[in-house]
Amino acid sequence: MRHWLIKSEPEVFSIRDLARVKVTGWEGVRNYLARNFMRDLMAPGELALFYHSNAEPSGVAGVARVHGEAVPDPTQFQKKSEYFDPTSLRSGPRWMMRHFEFVERFPALVPLATLRADPALRGMALLQKGQRLSVQEVSAAHFAHVVALGRATRPR
DNA sequence: GCCAACGTTGGC
DNA sequence: GCCAACGTTGGC
């Protein structure tokens, strides 16, 4: 059982949006390592921290669950999509994605600064300098710690 | 809006 | 196969 962190810009798609639509395809990932995590390593039912990037502040907003098996990202075949990939073939799609299901939204976001200041989260990939990966693996201990921080937040 | 860090592309 | 140039991510 692995644990994950998935990033989204809340102005594009937030934890509120996921709570509303319940399940969404994680479209538009165009990084090979992130794709490999979704395609090869995720298993249905595994949990992911839902991270708001490029936000004020950025931070972890809640939890989502891997829903179903890897499927081709439909946007790679859509000419009008910003994620269109003319070199990807329907007979062998380059970009695979998962669906994610809403699990919980924390009372308030756990800001990145809070995560950085917490010695229990030392070594977490998200906190490494220069890392920008939009799908990351998180250790079980770090995952549980962040969820505890999130559940302890007060609504604001 | 700036810019550091990173991944990808393409010339050679 | 190297590496400079370029585009993107994402914190600040």
Self-check item: Side chains of A/His67 and A/Phe100 in contact at under 4.5 Å (non-hydrogen atoms)
Solution: no
Quiz prompt | Which residues share a side chain to side chain donor-acceptor pair (under 3.5 Å) with A/Arg132, sequence neighbours left out | solution = none
Ignoring hydrogens and angles, write down the donor-acceptor pairs under 3.5 Å from the side chains of residues 37-45 of chain A, residues two or more places apart or on other chains.
residue	atom	partner	partner atom	Å
A/Arg39	NH2	A/Asn36	OD1	3.3

Could you go through residues 48-57 of chain A and list every donor-acceptor pair under 3.5 Å that involves a side-chain atom there, pairing it with any protein atom two or more places apart or in another chain?
residue	atom	partner	partner atom	Å
A/His52	NE2	A/Ile15	N	3.1
A/Asn54	ND2	A/Glu9	OE2	3.2

Quiz prompt | Pair A/Gln136-A/Gln131, side-chain donor/acceptor within less than 3.5 Å | solution = yes
Quiz item: Who are the side chain to side chain contact (heavy atoms under 4.5 Å, CB included) partners of A/Ala34, not counting sequence neighbours?
Solution: A/Val29, A/Asn31, A/Leu133, A/Ser134, A/Val135
Quiz prompt | Where protein sits on nucleotides 3-11 of chain B, one letter per nucleotide: B base, S sugar-phosphate only, - none, heavy atoms under 4.0 Å | solution = --BBSS---
Quiz prompt | Positions of residues 112-120 of chain A (non-hydrogen atom under 4.0 Å from DNA chain C), listed by number | solution = A/Leu112, A/Arg116
Quiz item: Can A/Arg151 be said to sit on top of A/Phe106's aromatic six-ring, NZ or CZ under 6.0 Å from centre and within 45° of the ring axis?
Solution: no
